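Structure first, then comments.
Here the structure is a predicted model, which means the values were calculated and not measured. Counting convention: from 1, in listed order, for ligands and their atoms alike.
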Amino acid sequence: MSTEKTLRVAICGGGISGLCLAVALSQHEHIKVDVWESAERFKELGAGLMVFARTWRIFQLLGLEANFSAATHTKPDPSVGYQFRRSDLGEEGFGWHFVPFPYGCRTFHRAHFLDVFVDGLPPNIVHYGKRLSSYKQDETTAEIILNFTDGSCATCDLLVGCDGIKSTVRKQMFSTMAQREAKPEFLNFVDPKWTGTIAYRGLVPATRLVGPGGERHRTLDSPVMYCGKNQHLVAYAISRGEMVNVVAYLTDPSKENTVPDSFDWVADCDREEVLQTFSSWESEAQVLLNNMQNPTKWNIHKISPLPNAVDGRVVLLGDALHAMGPHLGAGATTAIEDAFILAILLGATSSPDTLDLALAAYEEIRLAQANHIQHLSDEAGHMFELNSSYRERLDDLGPAIARQWSFLADTTPDDEAKRALDYRFRLLNSSDLAWS
Ligand SMILES: Cc1cc2nc3c(=O)[nH]c(=O)nc-3n(C[C@H](O)[C@H](O)[C@H](O)COP(=O)(O)OP(=O)(O)OC[C@H]3O[C@@H](n4cnc5c(N)ncnc54)[C@H](O)[C@@H]3O)c2cc1C
């Protein structure tokens, strides 16, 4: 392939999904990549993130394995998994299930995780302080015009909306389609909806979790899921073992799809509030809550599963496409796989003329899978809070929870990449389709 830049891709948003895509696309010489980020710098929360072997395989294929290894203390250990405990019945809880992850899982501080992508970016492709306000698809040239809130404009052959759960790109895509196709139901996909769940998030220094005699809190050595009715708490070590990431959830199932009553999206919170909320919980969970640094509280939102990922030369990826409940730890990893597949398809697309084929293949391979994982993740949230059809039948619930993660091993990223390229190839050779 020539080294001439024949395809101009604009990525709106420099979070995990946008930066992963930028790194993957930059490996193809014919693609000109620009990242348009509204903030003045890249930023991630002071919180944790977990990835599984499937995502690790993508890092290997992108040549990022060594850098990600250097950013975590965790190893691919098949004995690693979640310990599930019943924790809301007083001071003493009990373990009731162990869900191993094939080849283990790796945990990260989010900022260290994002830094690996930032370090992998070529120079001069990021434009900070650029908030996309709207886009326009030129019907004659098929070019996309991007408009930013500061009054400036840019053009591209393909716009990828990686702008997160409140995506401006998704908002315009579905508002436009609702009007153009006279389908008001598309407006249902514009805004995120509250799940009825609040998440209290914070980090605990590992030094606070080692007793005078050297006894170690369980979470220093294994991820733990503490479960109770309408509440659960997840904790695992990050930052090379120096911190434990804690997220404690409280759900009011009757409030799903309503408007949050006490705060909008995120707020600082008092440790007392967290302790009060979990006051009847087992003591080892309370130790975590008692030592959380600067806790914040989040109203957890999600979007309805989308019917499209693509409209013309505009495509959605990451939370813009599938913002889901965080319960399987699958939002960012699904975004990374979206980026990997889209980059493979665009890598095989040498000019805008055949872009539609790549986008049709991306939608075919990723949309159903993203919606499937979103459904599994939401269901997992109900299971962890004893609100699924299994209720409190822990013997049945344990294996059912393990099955929620089975999508990780159903296929491999290599298989999915091949499936995507095959699909594109079939379209290319289909005499029935009049691709331009
Ligand atoms: C409590 C919790 C725990 C989680 N744990 C895990 C986990 O363990 N594993 C996992 O895989 N996932 C996890 N997730 C999900 C994961 O955090 C998200 O899926 C992921 O961060 C989404 O990345 P993104 O790049 O798509 O969106 P974002 O991170 O939201 O990035 C969007 C970017 O776009 C920019 N932007 C927004 N609008 C515009 C605009 N108009 N113009 C230009 N730029 C714009 C923003 O500034 C931002 O940089 C968790 C989520 C929560 C809430």
Side-chain angles (χ1 to χ4, degrees), residues 10-22 34-45 47-52 54-55 58 82 101 105-111 113-114 117-118 126-135 146-150 152 154 159-172 192 195 197-202 223 232-236 238 245-249 265-266 296-303 316-339 370 373-374 377 380-381 405 408:
I11 298 173
C12 176
I16 288 170
S17 54
L19 294 192
C20 179
L21 181 66
D34 287 286
V35 179
W36 304 94
E37 166 55 49
S38 58
E40 294 299 334
R41 60 181 181 86
F42 295 129
K43 57 180 186 311
E44 256 299 348
L45 297 172
L49 190 87
M50 171 174 263
V51 306
F52 306 109
R54 190 178 177 93
T55 310
I58 296 175
Y82 267 121
F101 296 123
C105 67
R106 307 278 184 98
T107 58
F108 293 86
H109 189 292
R110 281 174 175 259
F113 190 82
L114 197 73
F117 290 127
V118 174
V126 180
H127 312 274
Y128 297 103
K130 290 286 180 183
R131 175 172 289 281
L132 186 83
S133 52
S134 65
Y135 63 82
L146 310 174
N147 299 306
F148 299 98
T149 49
D150 62 3
S152 61
L159 167 61
V160 190
C162 295
D163 48 348
I165 186 167
K166 298 184 206 166
S167 173
T168 300
V169 179
R170 186 184 68 244
K171 192 172 274 202
Q172 180 168 342
T195 56
T197 298
I198 294 177
Y200 296 98
R201 305 173 81 172
H232 74 283
L233 185 160
V234 52
Y236 53 82
I238 60 165
N245 178 58
V246 178
V247 191
Y249 297 89
W265 202 266
V266 57
T296 50
K297 55 181 175 181
W298 295 68
N299 275 314
I300 300 295
H301 290 72
K302 62 178 185 180
I303 59 170
L316 301 173
L317 192 152
D319 271 14
L321 176 66
H322 47 63
M324 59 183 81
H327 310 298
L328 289 182
T333 53
T334 305
I336 288 166
E337 192 156 334
D338 299 339
I373 297 171
Q374 192 182 19
S377 187
W405 274 291
L408 291 170

Any K166 heavy atom less than 4.0 Å from ligand 1: no
Heavy-atom distance under 4.5 Å between the side chains of C12 and R131, does that happen here? no
Report the member of A332, S134, G15 with the shortest heavy-atom distance to atom 16 (C) of ligand 1. A332
Is a side-chain donor-acceptor pair under 3.5 Å present for H322 with D338? yes
How about D34 and I11: do any of their side-chain heavy atoms sit closer than 4.5 Å? no
Students should be able to answer this: which protein heavy-atom is nearest to atom 19 (O) of ligand 1, and at what distance? D319 OD1, 2.7 Å
For A47, which part has a heavy atom under 4.0 Å from ligand 1: side chain, backbone, both, or neither? neither
Among V234, L132, T55, which one has a heavy atom closest to atom 42 (N) of ligand 1? L132
Option passing side chain to side chain contact (heavy atoms under 4.5 Å, CB included) with I16 (candidates L49, D319, L21): L49
Among non-hydrogen protein atoms, atom 35 (C) of ligand 1 lies closest to E37 OE1, 3.3 Å
Is there a ring pair (Phe, Tyr, Trp, His ring centres under 6.0 Å) between H127 and F148 once you walk through the steps? CA-CA 11 Å; H127 312 274; F148 299 98; 8.3 Å; no
Does any part of the side chain of F108, heavy atoms only, come nearer than 4.5 Å to the side chain of M50, both counted from C-beta? no
Only heavy atoms of G318, strictly under 4.0 Å: list the atoms of ligand 1 that pass. 26 (O)
Between R201 and ligand 1, which residue portion shows a heavy-atom distance shorter than 4.0 Å: side chain, backbone, both, or neither? side chain
For ligand 1, the portion of T168 having any non-hydrogen atom under 4.0 Å away: side chain
Test of understanding: given a 4.0 Å heavy-atom threshold, classify the contact between Y128 and ligand 1 as side chain, backbone, both, or neither. neither
Nearest heavy atom to atom 30 (O) of ligand 1 wins, so pick from C105, G164, S38. G164
Answer with yes or no after comparing the ring centroid distance for W298 and Y249 against a 6.0 Å cut-off, counting only values under it. no
For V246 and L233, which heavy atoms make the closest approach, and how far apart are they? CG1-CD2, 4.0 Å
Which ligand 1 atoms does G331 reach within 4.0 Å, using its non-hydrogen atoms? 10 (C), 11 (O), 12 (N), 15 (C), 19 (O)
Cut-off 3.5 Å, side chains only: do N147 and S134 have a donor facing an acceptor? yes
Is I300 close to ligand 1, meaning an N/O of one under 3.5 Å from an N/O of the other? no
Which of the ligand 1 atoms, numbered from 1, are nearer than 4.0 Å to a heavy atom of L49: 6 (C), 7 (C), 8 (O), 9 (N), 10 (C), 12 (N), 13 (C)
Donor-acceptor pair, T55 side chain versus V51 backbone, under 3.5 Å? no
Side-chain heavy-atom pair K166, H301 within 4.5 angstrom cut-off: no
Counting from 1, what ligand 1 atoms have a heavy atom of C12 closer than 4.0 Å? 40 (C), 42 (N), 43 (C)
Under 4.5 Å between any side-chain heavy atoms of L19 and L114, yes or no? yes
Specify side chain, backbone, both or neither for W36, according to which of its non-hydrogen atoms lie closer than 4.0 Å to ligand 1. backbone
What protein heavy atom lies closest to atom 34 (O) of ligand 1? Include the residue and the distance to one decimal. G13 CA, 3.2 Å
Which residue and non-hydrogen atom of the protein lie closest to atom 39 (C) of ligand 1, and at what distance in Å? D163 CB, 3.7 Å
Going by atom types only, do S38 and K130 share a side-chain donor-acceptor pair under 3.5 Å? no
Within a strict 4.5 Å, meaning less than it, do heavy atoms of the M324 and I303 side chains meet? no
So, do F117 and F42 sit near enough that their side-chain heavy atoms are less than 4.5 Å apart? no
Does ligand 1 have any atom sitting under 4.0 Å from a heavy atom of M324? no
Could you tell me which atoms of ligand 1, counted from 1 in the order shown, lie closer than 4.0 angstrom to a heavy atom of C162? 32 (C), 33 (C), 34 (O)
Against heavy atoms of K130, which atoms of ligand 1 measure under 4.0 Å? 42 (N), 43 (C)
Below 4.0 Å from any atom of ligand 1, is there a heavy atom belonging to F52? no
Can L159 and V169 be said to form a side-chain contact (heavy atoms from CB on, under 4.5 Å), step by step? CA-CA 9 Å; L159 167 61; V169 179; 4.3 Å; yes
Contacting atoms of ligand 1, where contact means under 4.0 angstrom from a heavy atom of Y236: 8 (O)
Counting only heavy atoms, which portion of S17 has something under 4.0 Å from ligand 1: side chain, backbone, both, or neither? both
Run the contact test for A330 against ligand 1 with a 4.0 Å cut-off on heavy atoms, strictly below, and give the result. yes
My understanding is that we take every heavy atom of each candidate and find the minimum distance to atom 3 (C) of ligand 1. Doing that for A335, P326, G329, which one comes out nearest? P326
Using a 3.5 Å cut-off on N or O atoms only, is V247 in polar contact with ligand 1? no
So which of K302, M50, R110 gets nearest to atom 50 (C) of ligand 1, if we judge by its closest heavy atom? R110
Can you confirm whether W405 sits close enough to C105 that some side-chain heavy atom of one is under 4.5 Å from a side-chain heavy atom of the other? no
How does Y249 reach ligand 1, if at all, at less than 4.0 Å between non-hydrogen atoms: by side chain, backbone, both, or neither? side chain
